[in-house]
Amino acid sequence: MSVDRLVGAAAATPVSRIGLGLAAVGRPGYINLGRDRDLPADRTVDAMRRRSHELLDAAYAAGVRYLDAARSYGRAEEFLADWLRERPEAAREVVVGSKWGYTYVADWRMDADAHEVKDHGVATYERQREETRALLGDHLDLYQIHSVTPESPALTDPALHARLARLAAEGVTVGISTSGPAQGEAIRAALEVEADGQPLFRTVQSTYNLLEPSAGAALAEAHGAGRTVIVKEAMANGRLVDSAALGRVAAEVGAPVDAIALAAVLRQPWVTVALSGAATVAQLRSNLAAADVHLPELEDLAEPPEAYWRTRSSLPWS
């Protein structure tokens, strides 16, 4: 995949600026709020596969063309691969991204002591790249390093950069995702990384929302430098759905609160794609309404980044 294909897909229609992320439905447990309401109590592999496919079908029918998974999202790559195999026409039209750098270790349990283990070393890359290749094959368009922070060895490891450059030479775009209160620093460091005299990381996926907008300036710089910008966690893992301030705006403009939160991201000119993390088809359709929302001025809801990420880290897996 060229970056141009992702940009082109996102520019096709207003809805196509919204992608579908599978973090909430590739495994039984996650930190998004409201999962007890959104998902069945018996979250078997088959039940979550069906839910994933329902969401993928609805997203594709509505015009969504970017689909985002990760090795650590349980069986999300597997569910996506099954869907692509069963729907060859859709498979030709969508852009598929995944991530490596976290290993899923919860063994399909919601009460696991740990759900994922982070490692950005060469050995983990090589293992997870082969795991992703076995599932997604030639459908993989974009491979991102998962949750890069300023101290990540992925920003400075020449052996890893050489392997990523080889992947890029095979036609897979290489990017990063970021997390934590210093996302801006990580983004700017990634913009400086080159391989064979060319920028290595062509896409950046970061958390940006009304509670945590601190990466905005760096993401604008990335866009200005020709990178594709993908935004995750536009609803702050569900925290914004209960915002009284957004509730007032939603009543004023006649749109759902989640659509207001997502529209606030989409109005940024440097955003290529903003992800929906919907767990139900109804949520997805509500999220997609963001494409048609015309926002008034919004109240400043931003929290200090350190406070935001402390709260996020305390959200329970459910």
Side-chain angles (χ1 to χ4, degrees), residues 1-23 59 62-68 94-97 99 141-142 144 147-148 173 175-179 183-184 186-188 190-191 199 201-237 239-240 246 249 253 255-278 284 286-298 300-302 305 308:
M1 179 201 84
S2 70
V3 172
D4 290 342
R5 184 170 168 232
L6 176 53
V7 174
T13 67
V15 166
S16 61
R17 288 189 70 208
I18 301 172
L20 178 63
L22 299 177
V64 171
R65 291 297 180 267
Y66 177 65
L67 309 174
D68 191 85
V94 297
V95 177
V96 173
K99 308 179 205 72
D141 299 306
L142 168 63
Q144 303 152 96
S147 292
V148 170
T173 296
I176 65 163
S177 77
T178 65
S179 295
Q183 288 188 107
I187 292 164
R188 292 184 175 104
L191 294 179
F201 302 120
R202 306 296 305 188
T203 70
V204 177
Q205 180 178 147
S206 297
T207 295
Y208 177 90
N209 57 58
L210 288 169
L211 298 178
E212 188 3 4
S214 66
L219 291 170
E221 292 169 24
H223 174 78
R227 305 310 198 274
T228 297
V229 174
I230 303 167
V231 167
K232 60 185 172 77
E233 299 183 352
M235 262 71 76
N237 301 106
R239 291 178 61 202
L240 283 167
L246 292 193
V249 176
V253 303
V257 171
D258 57 287
I260 300 297
L262 191 53
V265 172
L266 291 171
R267 73 176 176 179
Q268 304 302 324
W270 38 262
V271 173
T272 308
V273 172
L275 296 179
S276 163
L284 174 66
S286 186
N287 289 176
L288 296 181
D292 298 317
V293 169
H294 299 284
L295 288 177
E297 287 300 313
L298 298 177
D300 183 0
L301 303 178
Y308 175 89

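With contacts defined as side-chain heavy-atom distances shorter than 4.5 Å, the pair Val249/Pro296 qualifies. Contact of the Tyr66 side chain with the Thr272 side chain is not registered, since no non-hydrogen atoms from C-beta on lie closer than 4.5 Å. Looking at heavy atoms from C-beta onward, Ile260 lies in side-chain contact with Val293 at the 4.5 angstrom threshold. Between Val15 and Val64 there is a side-chain heavy-atom pair separated by less than 4.5 Å. Residues Val148 and Phe201 have side chains not in contact (no heavy-atom distance under 4.5 Å, counting atoms from C-beta outward). The shortest side-chain heavy-atom distance between Gln268 and Leu219 does not fall under the 4.5 Å cut-off. With a 4.5 Å cut-off on side-chain heavy atoms, Val95 and Arg65 do not count as touching.
For the residue pair Gln144 and Ser177, the shortest heavy atom distance occurs at CB-N, 4.4 Å. Of all heavy-atom pairs spanning Ala234 and Asn209, the tightest one is O-CB, 3.3 Å. Nearest heavy atoms, Ala278 versus Leu284: CB-N, 3.5 Å. Considering all non-hydrogen atoms of both residues, Leu266 and Ala274 come closest at CD2-CB, 3.8 Å. Taking every heavy atom of both residues into account, Leu211 and Leu301 meet most closely at CD2-O, 3.3 Å. Of all heavy-atom pairs spanning Ala218 and Arg188, the tightest one is N-NH2, 3.6 Å.
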(message) For Leu67 and Leu22: C-alpha separation, side-chain torsions, deciding distance, then whether side chain to side chain contact (heavy atoms under 4.5 Å, CB included) applies.
(response) CA-CA 8 Å; Leu67 309 174; Leu22 299 177; 5.7 Å; no

| message | Before you tell me yes or no, could you show the steps for Glu212 and Gln183 under side chain to side chain contact (heavy atoms under 4.5 Å, CB included), namely the whole-Å CA-CA distance, both residues' side-chain angles and the distance that decides it to 0.1 Å? | response | CA-CA 10 Å; Glu212 188 3 4; Gln183 288 188 107; 3.8 Å; yes

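When atom types are taken as modelled, the side chain of Asp141 and the backbone of Val96 share a donor-acceptor pair closer than 3.5 angstrom. Between the side chain of Arg202 and the backbone N or O of Leu142, no donor-acceptor pair lies under 3.5 Å. Checking side-chain atoms of Lys232 against main-chain N and O of Thr178 turns up a donor-acceptor pair under 3.5 Å. Side chain of Arg267 to main chain of Leu295: no donor-acceptor pair is present (N/O by atom type, distance under 3.5 Å, no hydrogens or angles).
Rounding to the nearest 0.5 Å places CZ of Arg17 at 9.5 Å from CG of Leu262. The CD1 atom of Ile230 sits 6.5 Å away from the CG atom of Asp68 when rounded to the nearest 0.5 Å.
The side chain to side chain contact (heavy atoms under 4.5 Å, CB included) test with Ser206 singles out one residue from Val231, Ile176, Ile187, Val229, and that residue is Ile187.
Judged purely by distance below 3.5 Å, without hydrogens or angles, the side chains of Ser147 and Lys99 never pair a donor atom with an acceptor atom.
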